[in-house]
K.L.:
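Here it is: the structure, laid out below.
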Number of protein chains: 2
Amino acid sequence: MPKRNCQGQGWWHGKFRGCGYRLTAGREVILDILSKSQGHLSAEDIYMKVHPKYPNIGLTTIYRTLDVLSNLGMVYKLDFGDGRARYEFAEGPKGAHHHHHLVCTDCNRVVDYADFINEEIELLRQTEKGLGAKYNFKITDHVIQFYGLCGKCSTKK
Amino acid sequence: MPKRNCQGQGWWHGKFRGCGYRLTAGREVILDILSKSQGHLSAEDIYMKVHPKYPNIGLTTIYRTLDVLSNLGMVYKLDFGDGRARYEFAEGPKGAHHHHHLVCTDCNRVVDYADFINEEIELLRQTEKGLGAKYNFKITDHVIQFYGLCGKCSTKK
DNA sequence: CTCCTTAATGAAAATGATTTCCATTTCTAA
DNA sequence: TTAGAAATGGAAATCATTTTCATTAAGGAG
Ligand SMILES: [Mn+2]
Ligand SMILES: [Mn+2]
Ligand SMILES: [Zn+2]
Ligand SMILES: [Zn+2]
């Protein structure tokens with residue numbers, strides 16, 4: 001008798017197993033939530049969303065899973081300066097849609113943007129090459145964020 | 001009889017008073033340390049350096065003063081992802097020497113750089129204008145940081 | 001210079017996100 | 001089935017930063 005639904009496991013099954021991780025029920029729920037959510041969720045946000053589907057999960061497991069996902073490159077861990085880490089699904093196997101962030105310092109609204117991304121990418125390439133050589137750094141990552149006031153916050157007095 | 005040393009108060013006396021702040025002994029010592037230190041100091045680092053000159057100061061006052069200085073624009077508050085804020089003197093009245101950072105994810109070494117700053121500034125200008133208009137944001141600040149391994153850390157296996 | 005109002009201070013306690021511990025459960029490969 | 005490894009959850013620990021509150025000290029008015 002064949003397994004009911006082999007597809008149910010999603011494309012990431014292989015990714016987990018290939019790295020020696022086990023794809024547990026908790027992890028699947030977390031991944032499911034993450035892949036379907038827009039925005040930039042805190043561990044607590046994720047906990048809240050996972051809980052109804054998996055009431056026994058502990059916040060500790062959320063943190064641990066997020067750490068694994070982050071190391072696997074499946075999730076980006078972000079810091080917008082509000083005292084808690086935020087997580088964002090890094091898109092499917094086709095690769096991530098690279099973008100940066102615009103953050104409202106008043107209401108914490110976050111806008112994804114990719115408008116000037118080509119120029120940015122080019123600048124990043126140059127900078128990584130130039131600085132890497134000059135300071136003997138092996139650059140692997142970068143953060144570009146803009147801070148300011150969103151429309152609502154700049155008008156409301 | 002003239003005051004012994006009116007200059008002793010430094011150029012920031014006016015800046016404080018102008019904003020309704022009092023220039024206390026503790027604040028002066030902190031400002032003095034900060035202005036003479038290279039690098040990116042944590043509140044605790046500053047506390048350690050201030051303590052010998054002003055043994056009664058409390059860490060709380062360090063935090064509070066740093067907050068004031070940061071609001072006055074005299075100090076930059078930075079986050080390199082190591083779980084504590086870092087502070088850097090924003091240069092004298094002549095204006096800050098704008099730079100960005102290269103951070104080693106292994107030993108936390110931080111390098112200031114301004115090498116590609118012209119291209120970066122131009123990109124920032126464009127981006128701030130373009131994104132500000134498109135998303136109706138009043139952009140006031142940005143963060144650009146590169147992460148990777150410094151020379152030492154990338155060689156030591 | 002002295003007084004008075006109020007900002008500033010320091011010690012201790014509180015906060016709160018994240019981590020660590022550890023006993024228990026679940027996988028997995030043989 | 002079974003032993004070893006990985007994962008889990010609840011409670012306790014961490015630890016940078018903030019809050020509270022009683023006390024002190026700027027600095028303007030007189
Ligand atoms: Mn995003
Ligand atoms: Mn710097
Ligand atoms: Zn806003
Ligand atoms: Zn290093």
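Lettering follows sequence order; numbering is per chain, from 1.
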K.L.:
Any non-hydrogen side-chain atom of A:Ile30 less than 4.5 Å from a side-chain atom of A:Ile62?
P.N.:
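Side chain of A:Ile30 against side chain of A:Ile62, heavy atoms only: contact under 4.5 Å found.
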K.L.:
Measure across B:Arg109 and B:Cys150 and return the closest heavy-atom pair with its distance rounded to 0.1 Å.
P.N.:
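So the two residues come closest at NE-SG, 3.5 Å.
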K.L.:
Sort and list the pairs that fulfil salt bridge (charged side-chain N to carboxylate O under 4.0 Å, His left out) and have at least one residue in residues 132-150 of chain B, not counting sequence neighbours.
P.N.:
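Of all non-adjacent pairs touching residues 132-150 of chain B, those that pass salt bridge (charged side-chain N to carboxylate O under 4.0 Å, His left out) are A:Asp115-B:Lys134.
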K.L.:
How close or far is atom C1' of D:dA26 from atom CZ of B:Arg17, stated in whole angstroms?
P.N.:
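Taking CZ of B:Arg17 and C1' of D:dA26, I get 8 Å after rounding.
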K.L.:
Starting from P on D:dA6, measure out to CZ on A:Phe16 and report it in whole angstrom.
P.N.:
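After rounding, the reported distance stands at 15 Å.
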K.L.:
Could you pull out all residues at least two apart from A:Arg17 that satisfy side-chain contact (heavy atoms from CB on, under 4.5 Å)?
P.N.:
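Partners of A:Arg17 by the side-chain contact (heavy atoms from CB on, under 4.5 Å) criterion, ordered by chain and then number, come out as A:His13.
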K.L.:
I'd like to check the side-chain contact (heavy atoms from CB on, under 4.5 Å) partners of B:Ser42; sequence neighbours left out, ordered by chain and number.
P.N.:
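Partners of B:Ser42 by the side-chain contact (heavy atoms from CB on, under 4.5 Å) criterion, ordered by chain and then number, come out as B:Glu44, B:Asp45, B:Arg84, B:Arg86.
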K.L.:
For B:Gln126, check side chain to side chain donor-acceptor pair (under 3.5 Å) against everything at least two apart and list the hits.
P.N.:
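With sequence neighbours excluded, B:Gln126 shows a side chain to side chain donor-acceptor pair (under 3.5 Å) to B:Glu122, given in chain and number order.
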K.L.:
For a quick test of reading the model: is some side-chain N or O of A:Thr24 closer than 4.0 Å to OP1 or OP2 of D:dT8?
P.N.:
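Indeed, a polar side-chain atom of A:Thr24 lies that close.
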K.L.:
Given axes from five pairs at either end, by how many degrees does the helix from C:dC1-D:dG30 to C:dA30-D:dT1 bend, rounded to 10°?
P.N.:
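Inter-axis angle at the ends, rounded: 30°.
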K.L.:
By nearest heavy atom, map B:Arg27 and B:Tyr47 onto DNA chain C; which one lands nearer the 5' end?
P.N.:
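Final value for this comparison: B:Arg27.
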K.L.:
Summarise how protein sits on nucleotides 13-25 of chain D as a single string, 5' to 3': B when a protein heavy atom is under 4.0 Å from the base, S for sugar-phosphate-only contact, - for no contact.
P.N.:
---SSBBB-----
K.L.:
Could you tell me which residues satisfy side chain to side chain donor-acceptor pair (under 3.5 Å) with A:Tyr147, sequence neighbours excluded, listed by chain and number?
P.N.:
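In terms of side chain to side chain donor-acceptor pair (under 3.5 Å), with neighbours along the sequence ignored, A:Tyr147 is linked to A:Gln145.
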K.L.:
According to side chain to side chain donor-acceptor pair (under 3.5 Å), who are the partners of A:Asp112, at least two apart in sequence or on a separate chain?
P.N.:
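Side chain to side chain donor-acceptor pair (under 3.5 Å) list for A:Asp112, sorted by chain: A:His40, A:His99, A:His101.
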K.L.:
What is the distance, rounded to the nearest whole Å, between atom CD1 of A:Ile30 and atom C1' of D:dT8?
P.N.:
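Result: 11 Å.
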K.L.:
Quick one: how far along DNA chain C does chain B reach, first to last nucleotide 5' to 3', anything under 4.0 Å to a heavy atom?
P.N.:
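Nucleotide range in contact with chain B: C:dT6 to C:dA12.
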K.L.:
Who passes side-chain contact (heavy atoms from CB on, under 4.5 Å) against B:Val111, sequence neighbours left out?
P.N.:
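B:Val111 satisfies side-chain contact (heavy atoms from CB on, under 4.5 Å) with A:Tyr135, A:Phe137, B:Leu102 once adjacent residues are dropped.
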K.L.:
Not counting sequence neighbours, which residues clear side-chain contact (heavy atoms from CB on, under 4.5 Å) with B:Ser37? List them please.
P.N.:
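Once residues adjacent in sequence are excluded, the partners of B:Ser37 under the side-chain contact (heavy atoms from CB on, under 4.5 Å) criterion are B:Ile33, B:Leu41, B:Lys49.
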K.L.:
Not counting sequence neighbours, list each pair that qualifies as a side chain to side chain donor-acceptor pair (under 3.5 Å) and has a residue in residues 51-68 of chain A.
P.N.:
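Of all non-adjacent pairs touching residues 51-68 of chain A, those that pass side chain to side chain donor-acceptor pair (under 3.5 Å) are A:Asp32-A:Lys53.
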